[in-house]
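Letters go in sequence order (proteins before strands), and every chain restarts at 1. No experiment lies behind these values; they were computed from the predicted model shown.
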Amino acid sequence: MKSKECLKENKTAKIPLVVIGAPTATGKTSLAIELAEIFGGHIVNADSMQVYRYMDIGTAKPSPEERRRVTHHLLDVVNPDEEYNAALYAEQARTVISGLAREGRPVFVAGGTGLYIRALLHGIIETPPVDENIRNYYKGLRDRHGREYLHGLLKTRDPLAAARINPNDSVRVIRAMEVLDQSGRSIVDLQQDHAFADCPYDACRVGIRVDRETLKSRIAARTERMVEDGLLEEVHGLLERGYGENLKAMQSLGYRQVVEFIRGRHSWDRAVELINRETWLYSKRQMTWFSADKTIQWFDPDESGNVRKTVQEFFSGKHFGKNDP
RNA sequence: GGGUCGGUAGCUCAGUCGGUAGAGCAUCGGACUGAAAAUCCGAGUGUCGACAGUUCAAUUCUGUCCUGACCCA
């Protein structure tokens, strides 16, 4: 995953960064705020859904009060119907972080989207921007002829990619097609050349581990809070603004199930049940992702003192320009 | 009280014209390079309601009982 170059480059030349990446509902938001306050830092969001405006409750975005306490970056950067993705995120996050580094401001990256964190820390292949027409063309092919057909097509054009992608995984099959059409190169070639070797940061990786039963009850509490805070009203508001259910953002966890309720496809209780269940499944996927990363140091939720010590040690001796903490 | 249709994996259900069973979801594990809160892959799971009868063999046929839904009284 991580390239050798990444490890052997001179660390002192790199921007130091604390990255808190953990499953949902483990308390990373409050940990990040606590640390940022102590060290006088800013928080850079690494959550793929909190970048959308008007989606506050269902994404568990930091509250206005929390955002007053600590400056957050990359929240509310696009409307729900705008294109957003890992490459855009990496580009914007790197720009923000460069600015903060120039001010000597400690940076805390916090979020649960593993791909976004990876793209930020290690880069992502460079390809032309997504062309909706091309994407829709292949989606159409898939819908009319099936996934196997699409994979067969990829096999004739890019056998290397076809061999690596499961025929049922049409999202990745389509992506490989796009890359080939737009760049003329196989996505596999681009990936091999890239190899996540673009590493401008010296990252201190922190994770929070919560035992499964506790996490389940935290998820239930989180869902309940969202409902109390007005998740239903938020979704109604989004629909009224014209953000329809087929948008990527509206298919995300919580929003999809509430839209289904509003459309009368299931009861409210069923919607809540599904949100809980799918949030749990999501958190397990996050655990799979993050636990594969051996650079992460794991802490229990009540160990914020130890995290603080770890961060302190990490920052000591780093160059922060004029405002060393 | 009579009738009809059910009782099979944690859940919803399919199936076996008699040779001890399967799908989806859940569970567990995994992948992830411009959709990632997305998308996909792999694995396990059962005294087939109870008891008896017929049979070489019953979850499957027969009987009784228990139990659920509905209909008629």
Side-chain angles (χ1 to χ4, degrees), chain A residues 1-3 21 23-25 45-52 55 58-61 78 80-92 111-132 134-136 138-139 142 147 150-151 161 164-179 181-183 185-198 212 216 219 222-223 226 246-258 270 273-293:
Chain A
M1 195 72 47
K2 204 171 180 183
S3 78
T24 195
N45 165 248
D47 183 302
S48 64
M49 290 300 137
Q50 293 184 4
V51 299
Y52 293 111
M55 297 174 68
T59 63
K61 213 176 271 174
V78 288
D81 59 350
E82 285 180 86
E83 170 67 17
Y84 204 79
N85 55 50
L88 270 170
Y89 170 77
E91 191 189 318
Q92 294 178 357
T113 305
L115 179 64
Y116 281 22
I117 294 173
R118 181 185 287 166
L120 166 63
L121 298 181
H122 307 298
I124 194 162
I125 54 169
E126 277 180 44
T127 63
V130 172
D131 182 332
E132 279 305 312
I134 295 176
R135 183 164 290 186
N136 287 332
Y138 287 116
K139 278 183 182 171
R142 176 197 57 195
R147 298 163 167 186
L150 203 63
H151 188 261
R164 286 190 53 213
I165 301 171
N166 188 283
N168 290 324
D169 196 350
S170 55
V171 168
R172 290 193 173 78
V173 172
I174 290 171
R175 176 68 189 142
M177 287 291 208
E178 287 172 4
V179 170
D181 285 354
Q182 295 185 72
S183 71
R185 291 190 62 191
S186 165
I187 191 168
V188 175
D189 282 345
L190 293 170
Q191 289 172 349
Q192 282 170 353
D193 287 353
H194 182 266
F196 296 111
D198 174 17
R212 289 160 106 91
K216 274 186 189 174
I219 286 169
R222 171 190 146 110
T223 306
M226 285 179 182
N246 40 3
L247 292 176
K248 220 159 73 176
M250 289 297 270
Q251 310 227 353
S252 66
L253 236 167
Y255 294 90
R256 186 177 54 219
Q257 293 80 5
V258 172
R270 176 74 177 152
E273 183 191 322
L274 286 173
I275 291 172
N276 274 321
R277 190 163 80 198
E278 300 199 6
T279 305
W280 166 243
L281 294 178
Y282 170 54
S283 74
K284 286 199 297 184
R285 268 178 269 134
Q286 290 177 301
M287 285 190 251
T288 300
W289 180 288
F290 289 121
S291 58
D293 188 331

Exercise for the section: Report yes if at least one side-chain N or O of Lys284(A) is closer than 4.0 Å to OP1 or OP2 of U27(B); otherwise report no. Expected result: yes
Problem - P-based separation of A26(B) from G42(B) [nearest Å] - result: 15 Å
Exercise for the section: Check every strand shown and say whether Tyr89(A) touches a base, only sugar-phosphate, or nothing at a heavy-atom separation below 4.0 Å. Expected result: nothing
Exercise for the section: Tell me, with the steps shown, if Ser186(A) and Arg164(A) meet side chain to side chain donor-acceptor pair (under 3.5 Å). Expected result: CA-CA 12 Å; Ser186(A) 165; Arg164(A) 286 190 53 213; over 6 Å; no
Handout entry: Euclidean distance, atom CD1 of residue Ile174(A) to atom P of A36(B) [Å, nearest integer]
Key = 14 Å
Handout entry: Contact under 4.0 Å: Asn168(A) side-chain N or O vs C41(B) OP1/OP2
Key = yes
Practice task
Assign Arg212(A) to base, sugar-phosphate, or nothing according to its heavy-atom contacts below 4.0 angstrom with the strands shown.
Solution key: sugar-phosphate
Practice task
Using the closest heavy atom to pick a nucleotide of RNA chain B for each, name whichever of Leu253(A) or Glu178(A) lands nearer the 5' end.
Solution key: Glu178(A)
Exercise for the section: Look at the side chain of Ala87(A) and decide which nucleotide, out of G34(B), A36(B), C40(B), has an atom nearest to it. Expected result: G34(B)
Fill in the blank from the handout: Checking C25(B), A35(B), G34(B) against the side chain of Arg277(A) (C-beta onward), the nearest is C25(B)
Practice task
Taking only the side-chain heavy atoms of Arg172(A) (C-beta and beyond), determine which of A38(B), U27(B), A35(B) contains the nearest atom.
Solution key: A38(B)
Fill in the blank from the handout: In Watson-Crick or G-U wobble terms, with both distances under 3.5 Å, the base opposite A38(B) is none
Practice task
Quickly work out the Arg135(A) CZ to A35(B) C1' distance and round it to whole Å.
Solution key: 5 Å
Practice task
Provide the closest heavy-atom pair for Asn85(A) versus Glu83(A) in the form atom of the first, atom of the second, distance.
Solution key: ND2-OE2, 2.9 Å
Exercise for the section: Pick the P atom in U4(B) and in A43(B), then give their distance to the nearest Å. Expected result: 44 Å
Fill in the blank from the handout: With the side chain defined as heavy atoms from C-beta on, Trp289(A) is closest, among G34(B), U33(B), C32(B), to C32(B)
Practice task
Assign Gly58(A) to base, sugar-phosphate, or nothing according to its heavy-atom contacts below 4.0 angstrom with the strands shown.
Solution key: base
Exercise for the section: For Ser291(A) and for Lys216(A), locate the closest nucleotide of RNA chain B by heavy-atom distance; then report the residue assigned to the nucleotide nearer the 5' terminus. Expected result: Lys216(A)
Handout entry: Under 3.5 Å: donor-acceptor pair, side chain of Lys61(A), backbone of Met55(A)
Key = yes
Practice task
Sort out the partner of A52(B) for me: Watson-Crick or G-U wobble, both distances under 3.5 Å, none otherwise.
Solution key: U62(B)
Handout entry: For atom OH of Tyr84(A) and atom C1' of A35(B), their distance in whole Å
Key = 14 Å
Exercise for the section: Using whole Å, report how far CD of Gln257(A) lies from P of C25(B). Expected result: 16 Å
Problem - Watson-Crick or G-U wobble mate for U45(B), both contacts under 3.5 Å - result: none
Fill in the blank from the handout: From CE of Met177(A) across to P of A35(B) the rounded distance in Å is 16 Å
Exercise for the section: Give a yes/no answer on whether the side chain of Thr113(A) brings an N or O atom under 4.0 Å of OP1 or OP2 in A36(B). Expected result: no
Practice task
In whole angstrom, give me the gap between the P atoms of G68(B) and C25(B).
Solution key: 32 Å
Practice task
Just name whichever nucleotide pairs with U16(B), Watson-Crick or G-U, keeping both distances under 3.5 Å, else none.
Solution key: none
Problem - Whole-Å gap separating C1' (A36(B)) and CD (Gln50(A)) - result: 15 Å
Practice task
Compare all side-chain heavy atoms of Arg270(A) with those of Gln257(A) and state whether any distance is below 4.5 angstrom.
Solution key: no
Problem - Side-chain N or O of Trp280(A) closer than 4.0 Å to phosphate OP1/OP2 of U27(B) - result: yes
Practice task
Look at the side chain of Lys248(A) and the backbone N and O of Tyr84(A), then say whether any donor-acceptor pair between them is shorter than 3.5 Å.
Solution key: yes
Problem - For the student: nearest non-hydrogen atoms of Gln286(A) and Gly112(A), plus distance - result: NE2-O, 3.0 Å
Exercise for the section: Sticking with atom P, work out how far U55(B) lies from G15(B), rounded to a whole angstrom. Expected result: 29 Å
Handout entry: Minimum-distance nucleotide (side-chain atoms of Met49(A) versus A36(B), C32(B), A35(B))
Key = A36(B)
Problem - Rounded interatomic separation in angstrom, taking CG from Asp169(A) and P from U39(B) - result: 10 Å
Practice task
Could you check whether Arg256(A) gets within reach of a base, just the sugar-phosphate, or nothing at all, counting any heavy atom under 4.0 Å?
Solution key: sugar-phosphate
Practice task
Rounded to whole angstrom, note down the P distance from A52(B) over to A58(B).
Solution key: 12 Å
Handout entry: C1'-based separation of G49(B) from A9(B) [nearest Å]
Key = 15 Å
Practice task
Ignoring the backbone of Lys248(A), work out which of G34(B), C32(B), A36(B) is nearest its side chain.
Solution key: A36(B)
Problem - Rounded distance in Å between the P positions of G53(B) and G3(B) - result: 26 Å
Exercise for the section: State which residue, out of Gln192(A), Glu178(A), Arg175(A), Met177(A), fulfils the side-chain contact (heavy atoms from CB on, under 4.5 Å) condition with Ile187(A). Expected result: Arg175(A)
Problem - G-U wobble or Watson-Crick pairing nucleotide for G10(B) (cut-off 3.5 Å, both distances) - result: C25(B)
Handout entry: Non-hydrogen atoms of Met226(A) and Gly58(A) that approach each other most closely
Key = CE-O, 3.5 Å
Exercise for the section: Looking only at side-chain atoms of Leu281(A), point me to the closest of A35(B), C41(B), U27(B). Expected result: U27(B)
Problem - Closest non-hydrogen atom pair between Ala86(A) and Ala119(A), with its separation - result: O-CB, 3.9 Å
Exercise for the section: Mind calculating the distance between CG (Asn166(A)) and P (C40(B)) to the nearest angstrom? Expected result: 9 Å
Completion exercise
Among the nucleotides C28(B), G34(B), A38(B), whichever has the atom closest to the side chain of Thr127(A) is G34(B)
Exercise for the section: Indicate, with a heavy-atom threshold strictly under 4.0 Å, whether Thr24(A) touches base, sugar-phosphate, or nothing. Expected result: nothing
Handout entry: Distance between C1' atoms of U45(B) and G10(B) (Å, rounded)
Key = 9 Å
Exercise for the section: Output yes when at least one side-chain N/O atom of Arg285(A) is less than 4.0 Å from OP1 or OP2 of A38(B), else no. Expected result: yes
